[in-house]
Amino acid sequence: MSVDVKSESPAKARRNGFVAPNRDDVTTIRADGSRRKIYPADVRGKFTTMRRWSARALIAIYLLLPWIKVRGYPAVFLDVSTRRFHLFGFTLAAQDLWLMFFLISGLGFSLFLLTSLFGRVWCGWACPQTVFLEHVFRRIERWIEGDAHQRKRLDAAPWGVEKILRKSATQILFVATAAGVAHLFLAYFVSIPDLWAMMRDNPGEHWGSFLFVFAATGGLYFNFAWFREQMCIVICPYGRMQSALIDEHSMVIGYDAKRGEPRGKLGIPDAGACIDCNRCVQVCPTGIDIRQGLQMECIGCTACVDACDQVMTKIQRPTGLIRYDSIAKFSGASTRWIRPRTIVYAVLFLVGSFIAAWAFSTFEPIDASVSRMRGAPYFVEVDAVRNQFLLRIVNKDDAVHRFDVKVSNQPEGVVVTGLEKPVEVGPLGEEVRPVIVQVSRAAYRGGFDMILNVADERHTYEVRVEAKFVGPDPELLKEDAAR
């Protein structure tokens with residue numbers, strides 16, 4: 001699946017502190033296990049521009065979702081305290097979370113399909129790790145400490161006033177940004193007004209939320225200020241999954257070895273198009289050399305594509321030496337878009353999407369259930385057999401609803417007590433009503449199924465609830481009456 005190109009010897013490749021990556025080792029980890037910090041250089045180009053606008057749009061969505069109201073609630077509001085989850089106008093109770101299984105399954109198969117077609121487009125363009133690291137935290141670092149060479153010199157320089165000021169400013173902004181992201185994340189669970197109220201109160205009054213934000217800020221700061229690309233290389237399993245999700249016809253970032261090899265400086269006879277400037281390595285956020293073939297560490301960010309195109313333009317050679325293409329195309333064959341894995345992933349995606357659409361189409365903003373009261377399952381009285389139930393009605397809507405409850409198949413001789421008046425349930429509330437069902441001894445013929453229809457007075461919503469009336473054996477009851 002990859003084109004292996006022999007890399008330079010380490011002695012020849014060391015230029016200005018540059019260490020040549022190889023396929024056998026992780027570039028950011030030294031032989032002794034210590035961390036080697038990388039300094040990705042800035043790059044410009046069409047892919048970089050598109051990625052920045054895409055990142056801005058994704059960050060804007062993250063920032064705005066808790067503020068945008070849909071049917072009176074934030075577009076995404078996971079209200080854990082009341083066990084109500086508001087998603088773009090849908091209000092789900094805890095018992096409705098099974099709907100999310102089909103939605104998440106559909107999204108998962110869509111990611112599989114996208115990966116089989118376009119490689120790691122998620123990692124390089126939409127993953128929160130990449131979006132916030134490359135387009136927020138590294139932008140702050142470059143703004144304060146300079147470009148890659150300036151940052152490297154600053155880290156190597158002895159501690160002085162300038163280094164202390166620059167490093168302090170960078171870390172302070174890192175902490176502030178991490179805290180902002182953590183607070184906004186908390187808003188998805190408590191809402192913006194409640195978050196603002198918590199921020200103005202004593203932390204001890206909301207110690208759980210305070211500890212959550214404190215821990216989230218620390219985790220985000222550690223990740224984006226230090227751990228960085230190690231999250232993608234060491235922890236995230238997606239890079240390891242790509243070998244099972246893609247094949248030689250998937251679109252990936254690759255190097256045209258037929259055109260580029262043998263590498264050589266400008267003016268060298270019979271040299272390939274690659275002038276061995278290592279610009280593609282210098283801009284890589286995970287520190288790999290894409291010329292050595294497709295690697296687990298590649299996140300598909302296309303930075304090397306723009307970097308190589310810039311160099312090719314400067315030396316007046318055709319662009320596309322490093323490009324977004326399939327491995328089959330690099331080998332001279334044609335790309336097949338329709339193949340067994342894409343068909344399977346597409347079918348699974350469509351099935352998951354269809355089931356999710358059907359599940360949400362059956363969603364009702366009310367829910368009702370019947371449970372038997374604690375104690376004996378039934379009671380035998382002088383003239384009747386009695387069952388005792390609890391009817392629970394949940395209103396997932398943000399308005400008051402009054403519900404009429406009727407037994408649709410009430411047998412003769414059955415008396416139902418507790419449903420004479422409508423049941424009023426407040427917004428996002430629930431009501432529990434005792435229901436007593438009695439059958440006279442004369443009419444009792446054994447257990448039977450009951451169906452309760454719960455409908456609001458406007459008959460907008462209606463649900464059916466089943467309950468089982470139980471009792472003794474009718475013959476035994478007759479013998480007991482005879483005695």
Side-chain angles (χ1 to χ4, degrees), residues 79-85 90-99 359 362-483:
D79 192 357
V80 179
S81 61
T82 62
R83 293 179 296 175
R84 297 289 186 273
F85 308 95
F90 283 96
T91 299
L92 306 179
Q95 60 266 33
D96 298 317
L97 290 183
W98 63 273
L99 295 170
T362 61
F363 171 80
E364 295 285 358
I366 64 170
D367 187 56
S369 61
V370 172
S371 60
R372 199 173 299 276
M373 286 188 184
R374 291 183 178 180
Y378 61 88
F379 299 89
V380 178
E381 299 179 343
V382 176
D383 57 350
V385 178
R386 185 178 82 248
N387 280 200
Q388 301 179 156
F389 300 96
L390 288 175
L391 172 65
R392 179 173 175 265
I393 301 177
V394 179
N395 178 16
K396 309 170 195 174
D397 201 1
D398 56 357
V400 177
H401 281 268
R402 290 169 57 88
F403 299 99
D404 289 320
V405 184
K406 305 293 183 184
V407 179
S408 60
N409 62 336
Q410 184 169 334
E412 184 179 354
V414 174
V415 178
V416 180
T417 306
L419 303 178
E420 297 82 8
K421 297 180 179 180
V423 181
E424 183 174 298
V425 187
L428 302 178
E430 63 179 68
E431 186 73 21
V432 178
R433 179 71 61 88
V435 178
I436 310 300
V437 181
Q438 294 189 111
V439 184
S440 65
R441 281 185 177 238
Y444 179 71
R445 299 293 183 271
F448 57 89
D449 294 325
M450 299 170 51
I451 297 178
L452 282 69
N453 287 344
V454 181
D456 69 344
E457 290 185 336
R458 296 171 295 177
H459 297 288
T460 306
Y461 310 117
E462 182 175 353
V463 295
R464 291 163 58 91
V465 184
E466 295 183 0
K468 178 75 174 180
F469 186 94
V470 297
D473 186 294
E475 297 301 325
L476 295 177
L477 197 61
K478 290 179 180 180
E479 292 177 2
D480 180 68
R483 289 196 297 266

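All figures in this text were calculated on a predicted structure; none of them were measured in a lab.
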Could you check whether atom CZ of Arg83 has more than 12 heavy atoms from other residues, nucleotides or ligands sitting under 6.0 Å from it?
no
Shortest non-hydrogen contact between Val465 and Ala368, atoms and distance:
CG2-CB, 3.5 Å
Do you know the tightest heavy-atom contact between Arg402 and Pro422?
NH2-CG, 3.6 Å
Mind checking the CD-CG spacing from Glu466 to Asp449? Nearest 0.5 Å is all I need.
6.5 Å
Strictly distance-based, threshold 3.5 Å: is any side-chain N or O of Arg445 a donor or acceptor partner for the main-chain N or O of Ala442?
yes
Check whether any side-chain heavy atom of Leu99 lies under 4.5 Å from a side-chain heavy atom of Phe90, and answer yes or no.
no
About how many Å separate CG of Asp367 and CG of Leu92, when rounded to the nearest 0.5 Å?
11.5 Å
Checking Phe389 now: which residues fulfil ring-ring contact (aromatic ring centres under 6.0 Å, His included) with it, not counting sequence neighbours?
none
Step by step, work out the side chain to side chain contact (heavy atoms under 4.5 Å, CB included) result for Ile393 and Val405.
CA-CA 10 Å; Ile393 301 177; Val405 184; 4.2 Å; yes
Are any non-hydrogen side-chain atoms of Val414 and Phe469 less than 4.5 angstrom apart?
no
Is there side-chain contact between Asn387 and Val470, with at least one heavy-atom pair below 4.5 Å?
yes
Is a side-chain N or O of Arg392 found less than 3.5 angstrom from the main chain of Glu430, in a donor-acceptor match?
no
Between Arg372 (side chain only) and Lys468 (backbone N and O only), is there a donor and an acceptor less than 3.5 Å apart?
yes
Shortest non-hydrogen contact from Phe85 toward Asp79:
CD2-N, 4.3 Å
Rounded at 0.5 Å granularity, tell me how far NE2 in His401 sits from CG in Asp456.
6.0 Å
Between Asn453 and Ser408, the two heavy atoms sitting closest are ND2-CB, 3.6 Å
Criterion side chain to side chain contact (heavy atoms under 4.5 Å, CB included) on Arg84 and Val394, from CA distance to verdict
CA-CA 11 Å; Arg84 297 289 186 273; Val394 179; 3.3 Å; yes
Could you report the tightest heavy-atom contact between Val382 and Arg441, atom names first, then the distance?
O-NE, 2.9 Å
Could you tell me which non-hydrogen atom of Gly426 sits nearest to which non-hydrogen atom of Val400, and how far apart they are?
CA-CG2, 4.2 Å
Partner of Ser371 under side chain to side chain contact (heavy atoms under 4.5 Å, CB included), chosen from Val432, Leu391, Leu390
Leu390
Applying ring-ring contact (aromatic ring centres under 6.0 Å, His included), name anything that partners Phe379, two or more places apart in sequence or on another chain.
none
